[in-house]
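Throughout, protein chains are lettered first and strands after them, A, B, ... in sequence-line order, and every chain is numbered starting at 1. Source: prediction; values computed, not measured.
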Amino acid sequence: MNKPLYRNLHFALASSSLSRQIKLSCFHTLAEQLQDCKDSVSLSSAHTTVLKLGLSNDTVTTNHLMNGYVRLQRIDDAHQLFDEMPQPNVVSWTSLMAGHINAGQPKKALWLFGSMVVGLVLPNAFTFATVVKACSILADLRTGKKVHAQVEVFGFGYDLVVCSSLIDMYGKSNDVGEAHRVFDLIPQRNIVSWTSMITAYAQNGRGQDALELFREFNYLTLDRPNHFMLASVINACASLGRLVTGKITHGAVIRNGYDSNDVVATAIVDMYAKCGCLDYSTKVFQKIHNPSVIPYTSMIVGAAKYGLGKLSLELFEEMTERGISPNDVTFIGVLHACSHSGLVDQGLEHLNSMHHKHGIVPDTKHYTCVVDMLGRTGRLDEAYNIAKSIQVKPDEGALLWGTLLSTSRLHGRVDIAFEASKWLIESNQQVAAAYVILSNTYALAGRWENVHSMRSEMKRNGVAKEPGCSWVEIKDCTYVFYAGDVSSCPRGSEVVSLLKELEVRMKERGYVGGSTGLVFVDVEEETKVEMVGLHSERLALGFGLISIPKGVTIRVMKNLRMCRDCHEAFKVISDIVERDFVVRDVNRFHHFKDGSCTCRDFW
DNA sequence: GTAGGGTTAG
């Protein structure tokens, strides 16, 4: 119920000195009422009161009212109120900008900022934090830099909130260097500025830097990480495939009471899937009470990458039956699942259902999945026709045509490999890889003249292919392998010779597959060896990863699944790796298990 | 006075 706001108001206004006091008190109560509005009915009632009292021209009162509409997501009403204001102040402008951002209209916020600057109202730190956020959402680096320049001109370069939003903006716009420059200049950092920087690293493929910064945070501050920070750190672990660090961070999440936070739980689901532990992902996922589309998608993608297409599709069914609408990312997972499990017809059905059943227009990423799916089963002509039918920008098409190129090579289709390479080279995308793969395709077809001419063309044009790399994590140590460079890993040659032996055994057991990858069916469940599809693009020319229980991860052939014999071979490999592994501090694991570790030393 | 920053799936 509304408070009896303006009882005896006319009387109060009639008497002079008393009137000011009561008027102030009434404003105060009205402000409280406006801030308390939780629904449209109470807001409309408060709005009527404002009109009745003749306060519609009062800037502060209208600002309160406007924020009420913003909170209720009624941005059009908020904007109309703003338009009717005789003298909007900096708060009015900033509130409206924030309202448009909340309503998913960041461009409108930037437009308002432009209009505000033209007028006589000067922006303050609140305004800049809001405008920078709009740039961040749009990943608009150009405008973001201009706004940053104005931040300096207006003297807000040391405002903590503005700085944090600038770090975030640079991070989201993929300029980590600039993000770090801003971070370095902050005199007194807080948990938000630390998180912004950690996130900027984590989201830009600099997971190791993210973990190191987190370690610095733990050393330098007395603050405990909160759910924002932990979600980012887990994201960094996921991108690096760092299972042990991920588990330790999971421990930190539990100890700090954030395991019931859905965003953190989703990050953990994703982390375990990317580290090859889908069982753990499932356990964490099942604890989420009402999973939204994001945790569902995370599981769908995780299962798909794991080669468990059926599980992936079952999760999709379950999700839609529960009335949760899939989005474009969900369909990337679904198509990926079909692609990696040979479910071509189901995949095509899902592609067709996207638009008419779910209102999602397939984009280049979806078509890339479909090209991959058709290509894997040898339906190269269909894949090529799809690729040709899509009009794409060079950067968007790189993955599409790169996928077609890889898959053409796998099936020895020189004609399509040539067309795909041509597209990539002409669009100046993945040029070195295109040359190498085309050259390898020629080699596979025995067309050595073409191979030699490709190599000389590469030399003439100064094209050099960076060697691909993969890495393994053995407990808390990471070993990096470069393609064609056995010497970079201690005892790497032994690992390679064992892998060769493994391949021989697999051939004896009747593996199916081409020269780059082996596909072995009939997984023996009791081996409990898990396949990881992680970094598959990076590893197109090299090896994939397989994770073996006890936290030992070993590099093996791409797309490999295990039979009993192979598992025996792996045990030999794992013994070698185990011997190389130096246990720095066994207590760390004990600490993790009993949940009492401080985690300060881990990152 | 009223308005501002960081987290999850590809």
**Q** Do any of residues 110-117 of chain A sit with a heavy atom less than 4.0 Å from DNA chain B, and if so which?
**A**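 Residues of residues 110-117 of chain A that come under 4.0 Å of DNA chain B do not exist, since none gets that close.
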
**Q** Quick one: A:Asn102 CG to B:dA3 P, roughly how many Å, whole number?
**A**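 Rounded to whole Å, this separation is 12 Å.
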
**Q** When you get a sec, tell me which of B:dT8, B:dT2, B:dA9 is the closest nucleotide to the side chain of A:Val91?
**A**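 Output: B:dT2.
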
**Q** Mind checking A:Val132 for me? I need base, sugar-phosphate or nothing, with any heavy atom below 4.0 Å counting as a touch.
**A**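 Nothing: the residue A:Val132, judged by heavy atoms under 4.0 Å, touches no strand.
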
**Q** Grab the CH2-P distance between A:Trp93 and B:dA3 for me, whole Å please.
**A**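 Computing the A:Trp93:CH2 to B:dA3:P distance gives 19 Å.
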
**Q** Which nucleotide sits closest to the side chain of A:Asn235: B:dG1, B:dT8, B:dT7?
**A**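 Looking only at heavy atoms from C-beta outward on A:Asn235, the closest nucleotide is B:dT8.
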
**Q** OP1 or OP2 of B:dG10 versus the side-chain N and O atoms of A:Lys274: is any pair under 4.0 Å?
**A**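 Result: yes.
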
**Q** Regarding B:dG4, can its base be found pairing with the side chain of A:Asp159 as donor and acceptor, where the two atoms are less than 3.5 Å apart?
**A**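 By the distance-only test, yes, there is a pair.
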
**Q** In whole angstrom, give the distance that lies between atom NZ of A:Lys172 and atom P of B:dT8.
**A**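 Computing the A:Lys172:NZ to B:dT8:P distance gives 7 Å.
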
**Q** Nearest whole Å is fine: how far is B:dG4 P from A:His100 NE2?
**A** 15 Å

**Q** Taking it one step at a time, do A:Asp168 and A:Ser196 satisfy side chain to side chain donor-acceptor pair (under 3.5 Å)?
**A** CA-CA 5 Å; A:Asp168 174 63; A:Ser196 301; 5.7 Å; no

**Q** Which nucleotide in the list B:dG6, B:dG4, B:dA3 gets nearest to the side chain of A:Asn124?
**A**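 Closest of the options to the side chain of A:Asn124: B:dA3.
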
**Q** Considering only B:dG6, B:dA9, B:dA3, which nucleotide approaches the side chain of A:Ile294 most closely?
**A**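 The nucleotide sitting nearest to the side chain is B:dA9.
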
**Q** Could you work out which one of B:dT2, B:dG5, B:dA9 sits closest to the side chain of A:Leu160?
**A**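 Nearest to the side chain of A:Leu160 among the choices is B:dG5.
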
**Q** Considering only B:dG1, B:dG10, B:dG4, which nucleotide approaches the side chain of A:Val60 most closely?
**A** B:dG1

**Q** What integer distance in Å separates A:Tyr272:OH from B:dA9:P?
**A** 16 Å

**Q** Do we see a donor-acceptor contact under 3.5 Å between the side chains of A:Tyr296 and A:Arg322?
**A** yes

**Q** Could you give the side-chain donor-acceptor pairs of residues 101-121 of chain A under 3.5 Å, partners two or more places apart or in another chain?
**A**
| from | atom 1 | to | atom 2 | distance (Å) |
| --- | --- | --- | --- | --- |
| A:Gln105 | OE1 | A:His100 | ND1 | 2.5 |
| A:Ser115 | OG | A:Trp111 | O | 3.0 |

**Q** By nearest atom, which of the nucleotides B:dT8, B:dG6, B:dG4 is closest to the A:Gln203 side chain?
**A**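 Selected nucleotide: B:dT8.
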
**Q** Go through the N and O atoms of the side chain of A:Asn63 and the base of B:dG1, and report whether any donor-acceptor pair is under 3.5 Å.
**A** no

**Q** Among B:dT7, B:dA9, B:dG4, which is the nearest nucleotide to the side chain of A:Val263?
**A** B:dT7

**Q** Among A:Tyr201, A:Trp194, A:Phe217, which one satisfies ring pair (Phe, Tyr, Trp, His ring centres under 6.0 Å) with A:Phe183?
**A** A:Trp194

**Q** Looking at A:Lys133, does any N or O in its side chain come under 4.0 Å of the phosphate oxygens OP1/OP2 on B:dA3?
**A**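 Checking B:dA3 against A:Lys133, no side-chain N or O comes under 4.0 Å of OP1 or OP2.
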
**Q** Between the base of B:dT7 and the side chain of A:Ser232, is there a donor-acceptor distance below 3.5 Å?
**A** no

**Q** Please give, in whole Å, the distance from B:dG4 C1' to A:Leu166 CG?
**A**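 A:Leu166 atom CG is separated from B:dG4 atom C1' by 12 Å.
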
**Q** If you check the A:Asp328 side chain, which of B:dA3, B:dT7, B:dG10 turns out closest?
**A**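 The listed nucleotide nearest to A:Asp328's side chain is B:dG10.
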
**Q** Using a heavy-atom cut-off of under 4.0 Å over every strand shown, decide if A:Ile198 touches base, sugar-phosphate, or nothing.
**A**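 Counting heavy atoms under 4.0 Å across all strands, no contact is made by A:Ile198.
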
**Q** Under a 3.5 Å threshold, yes or no: a donor from one side chain and an acceptor from the other, between A:Ser298 and A:Thr266?
**A** no

**Q** Run the ring-centre check on A:Tyr306 versus A:His340 and record whether the distance is less than 6.0 Å.
**A** no

**Q** Among the nucleotides B:dT7, B:dG5, B:dT8, which one has an atom lying closest to any side-chain atom of A:Thr266?
**A** B:dT8

**Q** Could you tell me whether A:Phe316 and A:Phe331 have their ring centroids closer than 6.0 angstrom?
**A**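 Judged by ring-centre distance (under 6.0 Å), A:Phe316 and A:Phe331 do meet the cut-off.
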
**Q** What contact category does A:His227 fall into here, base, sugar-phosphate, or nothing, at under 4.0 angstrom with non-hydrogen atoms?
**A** base

**Q** When A:Asn204 is tested against each of A:Thr199, A:Asn174, A:Asp209 for side chain to side chain donor-acceptor pair (under 3.5 Å), which residue passes?
**A**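 The single option meeting the side chain to side chain donor-acceptor pair (under 3.5 Å) with A:Asn204 is A:Asn174.
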
**Q** Between A:His250 and A:Tyr272, is the gap from one ring center to the other below 6.0 Å?
**A** yes

**Q** What is the separation between atom CG on A:Asp168 and atom C1' on B:dT7, rounded to the nearest whole Å?
**A**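 A:Asp168 atom CG is separated from B:dT7 atom C1' by 11 Å.
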
**Q** Determine whether any donor atom in the side chain of A:Ser196 lies under 3.5 Å from an acceptor atom in the base of B:dG6, or the reverse, and answer yes or no.
**A** no

**Q** Rounded to the Å, how far apart are A:Met97 CE and B:dG5 P?
**A** 13 Å

